[in-house]
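Before any comments, here is the structure.
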Amino acid sequence: PKQAVILSENVLGQGNPMGMQAEDRAILYEDLAEESPFRGNEVLYWTGCSTSYRLPGVVISTAKVLREAGVDFGLLGEGERCCGLILYLLGLWDEARINAEGFSKGMHELGVRKLVTGCAGCYYAFTRVYPTLGVKPAFEAYHTSQLMDEALLREELQPKALKGSYAWHDPCDLGRHCGVFEPPRRVLRAIQGLELVEPPLNRENALCCGAGGGLMMYNLDLAERIARSKVSDELFRLSVDGLVTGCPACILNLKHAASSTQRKMAVYDIAELIDMCL
């Protein structure tokens, strides 16, 4: 389909699915990228395409949480490129393999040993898809919720109390694709005063937000209808103060769906919620 061709050309040409200029990737968090460049740090904080271009607040909150936890991290800024997951999902496996090989080689040359990302899609790509393509990265990949969970267990991260009820939405790529269910829940339960409310369908049975797999770019109307259905039929009925998740596509689509209704619901990345407790 025409939309798929555009997506692949954007990834291979501009380094992101949206076709944005590569040099503008870090423009919305330029000061942070300049303050904390990756120079062989213990951890590379990999922001991902959607978060970089459309959710800079998540980047800034994640950096604050990592600093609070004493993590030695750095960013690549405009040096980041797409993980290539969308190529794999579109069935362009040869292109996806070439992209993965180039990515892994670049990370090896930079000396990246440990990578953390708040993008569920990137995490899925690095841990499950790359091996499927015959590419094994030399680094360990973590989702931000996993790193926060470890920091809490070591008492290196001690969030303050936050009163309110919040629901955790399991992103498809993080949950059913990678089996990461408990780390984000443990992080949220560690916040004193916070009530964690489970949607009726959760974990491997969680309802998709509608934006994954390139659907938002291929059929925006369908993606938005799925999100509105999830928000209206499931999430609003929970009567929570906010929804928390760990995927930029979920955040963007569910935020838009919630804002298009008369009732309002705040949608947060898990790093943003922890940042509120620092």
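Computed from a predicted model, the values in this text were never measured in an experiment.
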### Query
Are Val116 and Phe73 grouped together when hydrophobic residues (ILVMFWY) are joined by side-chain heavy atoms under 4.5 angstrom apart?
yes

### Task
Take Asp269 and Ser61 through the side chain to side chain contact (heavy atoms under 4.5 Å, CB included) test and state the conclusion after the steps.
CA-CA 9 Å; Asp269 179 83; Ser61 288; over 6 Å; no

### Task
Determine which pairs satisfy salt bridge (Lys or Arg N to Asp or Glu O under 4.0 Å) with at least one residue from residues 202-217, sequence neighbours left out, and list them in order.
Glu182-Arg203, Glu198-Arg203

### Query
Would you find a donor on one side and an acceptor on the other, under 3.5 Å apart, between the side chain of Lys264 and the backbone of Ser259?
yes

### Within one Ile-Leu-Val-Met-Phe-Trp-Tyr cluster: Tyr130 and Leu115, side-chain cutoff 4.5 Å
yes

### Task
Would you mind reporting whether Tyr45 and Thr62 have side-chain heavy atoms less than 4.5 Å apart?
yes

### Query
Going hydrophobic residue to hydrophobic residue with side-chain gaps under 4.5 angstrom, can you get from Leu90 over to Met18?
yes

### Single-linkage hydrophobic cluster Val135~Trp93, side-chain heavy atoms < 4.5 angstrom
no

### Task
Under the ring pair (Phe, Tyr, Trp, His ring centres under 6.0 Å) rule, collect the residues that match up with Tyr29, sequence neighbours excluded.
none

### Task
Working to the nearest 0.5 Å, report the span between NE2 of His143 and SG of Cys119.
7.5 Å

### Query
Would a 4.5 Å heavy-atom cut-off, applied to side chains only, mark Met107 and Pro137 as touching?
no

### Query
Can you name the nearest heavy-atom pair linking Ser52 to Glu80, along with the distance?
OG-OE1, 4.0 Å

### Summary
Connected to Leu162, directly or through other members, by ILVMFWY side-chain contacts below 4.5 Å are Val65, Tyr123, Met148, Leu152, Leu157, Tyr166, Trp168, Leu174, Val180, Val187, Leu188, Ile191, Leu194, Leu196, Val244, Tyr268, Ile270, Leu273, Ile274, Met276, Leu278

### Task
Using the test side-chain contact (heavy atoms from CB on, under 4.5 Å), find all partners of Leu153 that sit at least two apart in sequence or belong to another chain.
Asp149

### Task
Kindly work out whether a path of hydrophobic side-chain contacts (I/L/V/M/F/W/Y, heavy atoms less than 4.5 Å apart) joins Phe38 to Phe103.
yes

### Query
With no hydrogens and no angle check, is any side-chain donor or acceptor of Arg39 less than 3.5 Å from a backbone partner on Gly74?
no

#### Entry: salt bridge (Lys or Arg N to Asp or Glu O under 4.0 Å) contacts in which one or both residues fall within residues 43-69, not counting sequence neighbours
Glu35-Arg67, Lys64-Asp275

### Message
Taking salt bridge (Lys or Arg N to Asp or Glu O under 4.0 Å) as the cut-off, I'd like each qualifying pair that reaches into residues 156-172, sequence neighbours left out, listed once.
### Response
Arg154-Glu156, Asp170-Arg185

### Summary
Here the pair of heavy atoms bringing Leu28 nearest to Pro56 is CB-CB, 3.6 Å

### Query
Heavy-atom distance under 4.5 Å between the side chains of Asp221 and Arg225, does that happen here?
yes

### Message
According to side-chain contact (heavy atoms from CB on, under 4.5 Å), who are the partners of Gln158, at least two apart in sequence or on a separate chain?
### Response
Glu155

### Message
Using a 6.0 Å cut-off, check whether atom OH of Tyr218 has over 12 heavy atoms from anything other than its own residue.
### Response
no

### Summary
Scanning both residues in full, the closest heavy-atom pair of Leu85 with Ala125 reads CB-CB, 4.1 Å

### Task
Tell me who clusters with Leu201, hydrophobic residues only, linked when side chains sit under 4.5 Å apart either directly or through other members.
Leu207

#### Entry: Members besides Phe236 in its Ile/Leu/Val/Met/Phe/Trp/Tyr cluster (side-chain heavy atoms under 4.5 Å)
Leu55, Val58, Val197, Val231, Leu235, Leu238, Val240, Leu243, Ile251, Leu252, Leu254, Met265, Val267

### Query
Taking all atoms of both residues into account, what is the closest heavy-atom pair of Ala26 and Glu78, and its distance?
CB-N, 3.9 Å

### Query
Counting N and O atoms only, with roles assigned by atom type, does the side chain of Ser104 sit under 3.5 Å from a partner on the main chain of Glu101, one being a donor and the other an acceptor?
no

### Message
Return the OG to CE distance between Ser50 and Met20, rounded to the nearest 0.5 Å.
### Response
10.5 Å

### Task
State which residues pass side-chain contact (heavy atoms from CB on, under 4.5 Å) with Gln192; sequence neighbours excluded, sorted by chain then number.
Ala161

### Query
Can you list the residues that meet the side-chain contact (heavy atoms from CB on, under 4.5 Å) rule with Cys82, with sequence neighbours excluded?
Val11, Pro17, Cys49

### Query
Are the side chains of Tyr53 and Arg25 in touch, meaning some heavy atoms are under 4.5 Å apart?
yes

### Message
With rounding to the nearest 0.5 angstrom, report the NZ to CD1 distance, Lys2 to Ile6.
### Response
5.5 Å

### Query
Between the main-chain N or O of Tyr124 and the side-chain N or O of Asp173, is there a donor-acceptor pair closer than 3.5 Å?
no

### Message
Working to the nearest 0.5 angstrom, can you tell me the gap between Glu224 CD and Asn219 CG?
### Response
9.5 Å

### Query
If only atom types and distance count, is the side chain of Glu140 paired as donor or acceptor with the main-chain N or O of Arg113 below 3.5 Å?
no

### Query
Sub-3.5 Å donor-acceptor pair from the side chain of Ser36 to the main-chain atoms of Ala33, do we have one?
no

### Query
If you group Ile, Leu, Val, Met, Phe, Trp and Tyr whenever their side-chain heavy atoms sit less than 4.5 Å apart, what else falls in with Met216?
Leu220

### Task
Please report the closest heavy-atom contact between Ala96 and Gly84, naming both atoms and the distance.
CB-O, 4.3 Å

### Query
Are the side chains of Leu110 and Leu76 in touch, meaning some heavy atoms are under 4.5 Å apart?
yes

### Task
Check whether any side-chain heavy atom of Val59 lies under 4.5 Å from a side-chain heavy atom of Leu75, and answer yes or no.
yes

### Message
How close do Asn99 and Cys83 get, counting heavy atoms only, and between which atoms?
### Response
ND2-O, 3.1 Å

### Task
With the side chain counted from C-beta on, respond yes when Leu87 and Ser8 share a heavy-atom pair under 4.5 Å apart, and no when they do not.
yes

#### Entry: Nearest-0.5 Å distance, NZ of residue Lys230 to SG of residue Cys209
8.0 Å

### Message
When you compare the side chain of Glu234 with that of Pro200, does any pair of heavy atoms fall below 4.5 Å?
### Response
yes

### Message
For the backbone of Trp46 and the side chain of Thr117, can you confirm whether one donor and one acceptor N or O come within less than 3.5 Å of each other?
### Response
yes

### Query
In Å, rounded to the nearest 0.5 Å, how long is the span from CG of Leu66 to CG of Leu147?
6.5 Å

### Test item: Thr245 side-chain N/O and His169 main-chain N/O as donor-acceptor pair under 3.5 Å
yes

### Message
Evaluate Ile226 against Leu215 for side chain to side chain contact (heavy atoms under 4.5 Å, CB included), listing each step before the verdict.
### Response
CA-CA 11 Å; Ile226 293 172; Leu215 183 61; 4.0 Å; yes

### Message
Donor-acceptor pair, distance only, cut-off 3.5 Å: does the side chain of Arg97 make one with the backbone of Leu133?
### Response
yes

